Amino acid sequence: MERFFKYALPLLISTIAVMEFYQVLMRYVFELPSMGLDEMLVYPTLWLYILGAVNAAREDSQIKANVLDIFLKTDKARLIVRVIADLASVIVSSWLTYWAWDYFVYAKRVWKSSPTLYIPTFWAECALFIGLALMTVYCGGYLYKHAKQLIALQQPTKES
């Protein structure tokens, strides 16, 4: 999965930059409108945002406010807080994934098209469900990992 993100995210951001450059060049230098480019920009931009969030969840590098870590002295206490935070993340992301699934089903059923180019908007709208589902999986993986570490810390060690 790391390899996918290594190539997909730079490709998406480069695509967006080239499209924006072309749009600015055409509009302000040549004074020619580029019809439909705004519609096309929505797709790679949305996928970039969602895949960036999934990558942050995969790396466990999303922004956190670990204020309690300053006050907690033991690794066990920090791990307990981490497990609680991971559990909250799984609950919230599962709830959001549930709602995104409803929207995904709705978007598939309605199958709207963009106003100018008639591109199916489903391909942008499905990004939310796919991204949230992957984030839920990664949050669940970190919950499992940290809960396993906490259980290992609480087991008595055998002294020989």
Side-chain angles (χ1 to χ4, degrees), residues 1-21 38-114 119-160:
M1 202 61 158
E2 183 176 344
R3 189 176 200 180
F4 170 75
F5 287 109
K6 181 181 176 183
Y7 294 110
L9 295 176
L11 178 69
L12 285 169
I13 202 161
S14 299
T15 303
I16 293 166
V18 167
M19 292 171 80
E20 281 294 337
F21 175 75
D38 289 337
E39 281 182 19
M40 291 186 341
L41 268 166
V42 168
Y43 295 85
T45 302
L46 190 59
W47 277 101
L48 176 68
Y49 290 153
I50 297 297
L51 289 179
V54 170
N55 191 46
R58 182 185 65 82
E59 294 176 344
D60 200 24
S61 63
Q62 62 270 42
I63 297 172
K64 300 174 196 165
N66 293 341
V67 177
L68 286 176
D69 285 353
I70 297 168
F71 301 107
L72 300 173
K73 302 297 181 204
T74 66
D75 287 337
K76 182 179 176 182
R78 288 188 188 111
L79 207 48
I80 290 170
V81 169
R82 186 70 232 165
V83 167
I84 292 169
D86 288 339
L87 181 62
S89 295
V90 168
I91 290 169
V92 169
S93 62
S94 296
W95 177 63
L96 291 172
T97 303
Y98 170 78
W99 285 105
W101 170 254
D102 281 349
Y103 186 69
F104 176 80
V105 170
Y106 164 79
K108 189 175 180 206
R109 182 175 44 87
V110 173
W111 203 261
K112 298 179 287 184
S113 296
S114 63
I119 302 169
T121 58
F122 174 78
W123 301 115
E125 294 165 340
C126 70
L128 186 62
F129 170 68
I130 293 168
L132 283 168
L134 287 171
M135 284 186 258
T136 302
V137 168
Y138 286 124
C139 289
Y142 283 109
L143 173 61
Y144 176 76
K145 173 185 163 189
H146 292 134
K148 194 173 170 182
Q149 288 174 352
L150 182 61
I151 291 168
L153 268 179
Q154 291 185 356
Q155 300 218 349
T157 57
K158 294 181 181 178
E159 296 179 3
S160 13

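All figures in this text were calculated on a predicted structure; none of them were measured in a lab.
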Mind checking what makes salt bridge (Lys or Arg N to Asp or Glu O under 4.0 Å) contact with K64, not counting sequence neighbours?
D60
Tell me the closest heavy-atom pair linking A57 and Y138, and the distance in Å.
O-CB, 3.8 Å
Could you name each residue pair satisfying salt bridge (charged side-chain N to carboxylate O under 4.0 Å, His left out) that touches residues 38-56, not counting sequence neighbours?
none
Partners meeting side chain to side chain contact (heavy atoms under 4.5 Å, CB included) with A53 (sequence neighbours left out):
M135
Check side-chain hydrogen bond (donor to acceptor under 3.5 Å, both in side chains) between T136 and all other residues, then give those that pass, not counting sequence neighbours.
S93, T97
Listed by chain and number, what are the side-chain hydrogen bond (donor to acceptor under 3.5 Å, both in side chains) partners of D69, not counting sequence neighbours?
none
Atom CG in L48, atom CG in L41: separation rounded to 0.5 Å?
11.5 Å
Atom pair CD/CG of Q154 and L79 - distance to nearest 0.5 Å:
9.0 Å
Could you pull out all residues at least two apart from T74 that satisfy side-chain hydrogen bond (donor to acceptor under 3.5 Å, both in side chains)?
none
Please report, to 0.1 Å, the donor-acceptor pairs under 3.5 Å made by any side chain of residues 139-150, with sequence neighbours excluded.
| from | atom 1 | to | atom 2 | distance (Å) |
| --- | --- | --- | --- | --- |
| Y142 | OH | R58 | O | 2.6 |
| H146 | ND1 | D86 | OD2 | 2.5 |
| H146 | ND1 | Y142 | O | 3.0 |

Listed partners of A56 passing side chain to side chain contact (heavy atoms under 4.5 Å, CB included), at least two apart:
S61, Q62
Mind listing the side-chain donor-acceptor pairs of residues 1-18 below 3.5 Å, one per line with the distance, residues two or more places apart or on another chain?
| from | atom 1 | to | atom 2 | distance (Å) |
| --- | --- | --- | --- | --- |
| S14 | OG | P10 | O | 2.7 |
| T15 | OG1 | L11 | O | 2.7 |

CG/L153 to CZ/R78 distance, rounded to the nearest 0.5 angstrom?
12.0 Å
Under the side-chain hydrogen bond (donor to acceptor under 3.5 Å, both in side chains) test, residues paired with K76 that sit two or more places apart:
none
Can you tell me which residue pairs pass the ring-ring contact (aromatic ring centres under 6.0 Å, His included) test with a partner in residues 45-76, sequence neighbours excluded?
none
Cut-off 3.5 Å, no hydrogens considered: what does the side-chain donor-acceptor table look like for residues 100-107, sequence neighbours left out?
| from | atom 1 | to | atom 2 | distance (Å) |
| --- | --- | --- | --- | --- |
| Y103 | OH | E125 | OE2 | 3.0 |

Mind running side-chain contact (heavy atoms from CB on, under 4.5 Å) on W111 and T121 for me, showing each step along the way?
CA-CA 7 Å; W111 203 261; T121 58; over 6 Å; no
